[in-house]
Amino acid sequence: MADTLTLFTSIGLSEQKAKETLKNEALSSALKDAIIQARRTCGASGVDKAIGTLLYSMASRLKDPKRLAFLSDGIVQCKICTELQLAAALEFVKSHPQDPINQGEFDEACGVGVAITPEQIEEAVESLIKKHKEQLLKERYHFNMGLLMGEARSALKWADGKVVKNEVDLQVLHLLGPKTEADLEKKVKVARVHLFKRKRSPAKQSLMEQLRGEALKFHKPGENYKTEGYVVTPNTMDLLKKHMELTGGQIRSRFPPEPNGILHIGHAKAINFNFGFAKANNGICFLRYDDTNPEKEEEKYFTAIRDMVEWLGYEPFAVTHASDNFQQLYDLAVDLVRRGHAFVCHQKGEELKGHNAPPSPWRDRPAEESLVLFDRMKKGLFAEGEATLRMKMVMEDGKLDPVAYRIKYTPHHRTGDEWCIYPTYDYTHCLCDSIENITHSLCTKEFQARRSSYFWLCNALDVYCPVQWEYGRLNLTYTVVSKRKIIKLVETGVVRDWDDPRLFTLTALRRRGFPPEAINNFCARVGVTVSQTTTEPHLLEACVRDVLNDTAPRAMAVLQPLRVTIANLPEGSKSDVRVPDFPANEAKGSHAVPFSSTIFIEQSDFREVMEKGYKRLTPDQPVGLRHAGYVISFQKVIKDAQGKVVELEVTCCSSETAEKPKAFIHWVSQPLTCEVRLYERLFLHKHPEDQSVVPNGFLSDINPDSLHVISGALVDTSVKRAKALDRFQFERVGYFSLDPDSTADKLIFNRTVTLKEDPGKI
Amino acid sequence: KPSLVAKCIDEQEIRSLSAEIESLKNPQSLSPSQRLDELRDENTKLKYRLNILKRSLQGGRTADCCKSMTNINQRLQEVFGEAIRAACPELDDPPVSVAANQQAKFGDYQCNSAMALAQMLKAQGVKINPREIAEKIIQNLADNDLVQKTEIAGPGFINIQLKRPFVSKLLSKLLINGVQPPPLDSRKRVVVDFSSPNIAKEMHVGHLRSTIIGESMSRLFEFLGYDVVRLNHVGDWGTQFGMLIAHLQDKFPDYLTSSPPISDLQAFYKESKKRFDEEEDFKKRAYQCVVRLQSKEPNFIKAWNLICDVSRREFQKVYDCLDIKIVERGESYYQDMMTKVVKEFDERGQCLDEGRKIVFVPGQPIPLTIVKSDGGYTYDTSDLAALHQRIFVEKADMIIYVTDSGQATHFQVVFAAARMIGWYNPQVTRVEHAGFGVVLGEDKKKFKTRSGETVRLMDLLEEGLKRSMDKLKEKERDKVLTPEELTKAQRSVAFGCIKYADLSHNRINDYVFSFDKMLDDRGNTAAYLLYAFTRIRSIARLANIGKATLRKAAETSEVLLDHEKEWKLGKCILRFPEILQKILDDLLLHTLSDYLYELATTFTEFYDNCYCVEKDRQTGEVVKVNMWRMLLCEATAAIMAKCFDILGINPVGRM
């Protein structure tokens, strides 16, 4: 230890730093090797501080240890003498994983032997300043100095950045003189605006923009090996070459749901990410049903999943099934056993539960034996659970030898009674990706722990290995999405079915009237970040409003009607009123609604007793009728035996002559009766599954007012011919869509969202 | 106190029983229990597993995944068997008959069961037209991967057309895996008793047949994966050894220290026989020698061994020529066991003692004599002892005796006696006499030398060698081949022809031995087949296509069967497993020769009609190679080679 410490301090590391380095085993061993290699070339004294710093930097950043000696030599021979060159050198070895390294190309790429004199720097900066002189003089220090630096760097590729920076600063100072008060003050202000803009801009970007090209730090097709953590084997480059020939370098992704449940809002992100990424980059995306577990699959899920993908506006390049590959997967498994990477195990399921499961006593049995036993598994000679095929590998989370195949005497909906052994997710997923020549295997972050097993298996079989990239999962508050929990909700009658509009399954959202664009926009707004995001439903609802505002035509509906008779409606007054579909843009069309002496208004739009701030109809306060061109004034109230107001008598006058009323209210005349369903959050708490907040479980957290059905609502006739899921804005009430339960005689409207985030305002 | 405990337990039981009765009375409490659901689930799973197991078992036989060759006929029998059972549910075990068709117009295979089924149904009082039955069979055919089309012809024949991809795939499999035997349920043990000459006597043409047929059978069983024990049941025991030993003592008094130079054992035998017949003293001494040999006196055993060795050396010459592997286990081996066998029959009360001991076997025309009146044993005794040893010590599943048909009755009685005493169950152990007819001369009379003597086997083989060389020289092969190649060809042709002539005839019939016929290179002879085989082998060589290329092609390119002759050849190649199955059933090896000849002629038809390699007429350069046809050549050659191997014929590279 002490020796190593001395060794480290000998290259100029402080004692503190050297000790810290020692704690990192991998780094200290790499650094040690690098120093020893360097001394071999130039002796102990030749390794000075500058070289030492570069060696340290190299050792800590290099991924592939077999290049350590090569780069160490480069550093001591002063071929690599700046950080810049080192970065280029590291990049070069990363993108050239195969031997031998072409020294000429390497030198070229890293600027070996390129010397930049101070004169060259001075000259280059001078010409730059000249170029931007006018702007500089005008904006003074508000000028983007980064721009200057950038241009200077590209002009002087291998120059020391610090020297260039000093030169730029010096020449700018020379030109402009020292900073004035104004320079300083304004600069702060400008900076703030910048900050704000930058923060907001990703949300404004469309999904396609976020996913396009290099916006994500994903690898280019065929350059899988440039990805951090990707394992390069002697066959990798050949396989990648073949892969490129087959795909023509096109991006290929896939959306791989298990067909054992209904898609929910979380899947919307997966769909958008996978399909969107392919679409944004002229690639293709497969819809692959991961149907390896025969027990859980039902035909209805298959069609429902495809429906939802198409509803969100995506068309799969091809619909595939993991089960299409059962034979090939089996053949590969046999090969895996033959290669000594898998074995048949007889440990019982209970033994393997939990962490610290004991290692299998069958791990080292001869491959031939496993081959025979695996064949017997396939032939039905073992009972369920008596044998599994396991891969010889340790997962990131310490799980030993994951299972590849297990016995299930259950028919499969696609392969029928052909198989009694079925592959696991761990075994199937990466191989199906490989078979389909997927370039980017995108999955949520929970799968990060399976990344190395993903690479391991492809490499153990010498098949093309795609790259797994993870992204953050999307979670929504005030809801549950797990299949099991939704089943509970349906069974206990809390919700009507899987597509009950209070749920956040995609079918539920569709039924509630959410436009698919809104869901896609929501995904874009959440962003394609790697971090896990938990979002509140109101953000989604805001996206819905944005879309519906432009797309849902207006209509008028009265949820709690109050009959109003207009006593003085002039003879021959118009019986029809034209209502624009979109008042903000009348060019988009209009519709006619009848108007007569009997109309209905909301009960809440009339008050017998005036209250401060109340702007609608009172005995003393007239109110305008939207679109009708009339203002009505109170005459008389008719009450029932209980004293409840049942009808009003009013008089009207044209709004052109009347004094401008304080408010306009909506109304209906000769309306249709309909049922309206108003929805609120299903759960009372933000995290209904959180035992610390909801100790009795999510079923105890149901909002008793989550559904409110109004059977006698009145709506204007313009909605008469609406089809299921058609959306409307009922003026002043909210956005609604026609429920599929509707019949020609009985229309049912679901409230999609309210008009504003907080409907409490009067 | 114990009674109190017992009472407690009783009361408990009464309580639980009454509770059970209550619950039975009240069906409402019999709500569908969880246990019931579990059992139902388990039952479904077990049914599923049963189906998988059944299919695996079938797969084991039809072997899609393993290397063994598929018996198409058997597959068709399975498919049609199912259909027939479904079509005729009235019949318990309806017969299934499927056969390959020689004439293309009747399809590839034919199912002829409908007629027999109609007869059987008629016997049950159901009148139905065989054509209708055929139609029902076709309706009941399950989905399968081998039948392309069926067609009803004549009174109710079902003509079957195979799927080309199915045949093509089997050919590829054959090319990739080589000629593999059809799968065997378990490794069975088979004893083949053949050759079995007598010590001190010459081998003659009768032994030749046994040797050739026995060897070939053994090879067949070995190829099929059996554990084969080849036994030479030589005649090395008996009274004749008394006179031989006595004569030896007189002629070579120092035989114990220096090996006697007996060159002609036959002459030696004749001399001693003469003395035995003429000299009373010698006769007496001869009897004493027998007694002393039987009591295993070392000097006598030594003398006996010396005499046997002379014979063994003679036999070995023949075996070397014919490439025969066999283990000697003569009559002497069973001497001590005979006493036990006699005792067993005695104890079971199966012996009739009338001075000699005889055994009557019900249903058999003659009795067995197991002990002579002088107390000596007979062939009956030694064959029973040998059978006993083979069943109980060798634990053989199958025991085949290859001897001339003259011994058929003897063996039938021995086998019947063994069954009677319960040594084996014919359902489990197969004990069979594979008899053969006598060898006739070209005059259709018993095969003799011109002087009327039995033909010595060694002389016959030597003449074969001479004749084969004459033939090769006549064809001027001596000018083409190196001396070494020439000798190889000579031996290959000579011995190949002798074996093939024997094996190509139904063993049960007598056969006419004719060098002229067997060396003819036209017709169903080894000479023709050997030439044909070398020609096929040379096709690839002349086109400069190596083994590796062919192997690669077998893995990557499909064997096309579009040409009528390609199709015919392909099917013919794949009949190999069903031919073997047939021989396994009836032990008639000529079926294999017939097949080999048919394969060779079918190949010739193919080769005459389909170009394998196209060459430039002027330069002779290869212009185009039709790889799938090269593969057909290769498959033909592979099967032919295996046939030769089973027949014990050794083809040479050049001839």
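Naming: A, B, ... by sequence-line order, numbering from 1 per chain.
Few gaps surround CG on Asn43(B); more than 12 heavy atoms of other groups in view lie less than 6.0 Å from it. Within a 6.0 Å radius of NZ in Lys395(B), other residues, nucleotides and ligands contribute 12 heavy atoms or fewer. Around NZ of Lys488(A), the count of heavy atoms belonging to other residues, nucleotides or ligands within 6.0 Å does not exceed 12.
Within the model, atoms OH of Tyr409(A) and CG of Leu50(B) stand 10.5 Å from one another, a figure rounded to the nearest 0.5 Å. With rounding to the nearest 0.5 angstrom, the CZ atom of Arg49(B) is 9.5 Å from the CZ atom of Phe382(A).
In this structure, the portions of Leu381(A) lying under 4.5 Å from any heavy atom of chain B include both its backbone and its side chain.
Residues of residues 420-437 of chain A placed with any heavy atom under 4.5 Å of a heavy atom in chain B are listed by number as Cys420(A), Tyr422(A).
Salt bridge present: Glu295(A) and Lys45(B) bring a charged side-chain N and a carboxylate O closer than 4.0 Å.
Heavy-atom minimum distance, Glu418(A) versus Tyr48(B): N-OH, 4.2 Å. The two residues Asp417(A) and Ile52(B) make their nearest non-hydrogen contact at O-CD1, 3.6 Å. Closest approach of Lys379(A) and Ser56(B) over heavy atoms only: O-OG, 2.8 Å.
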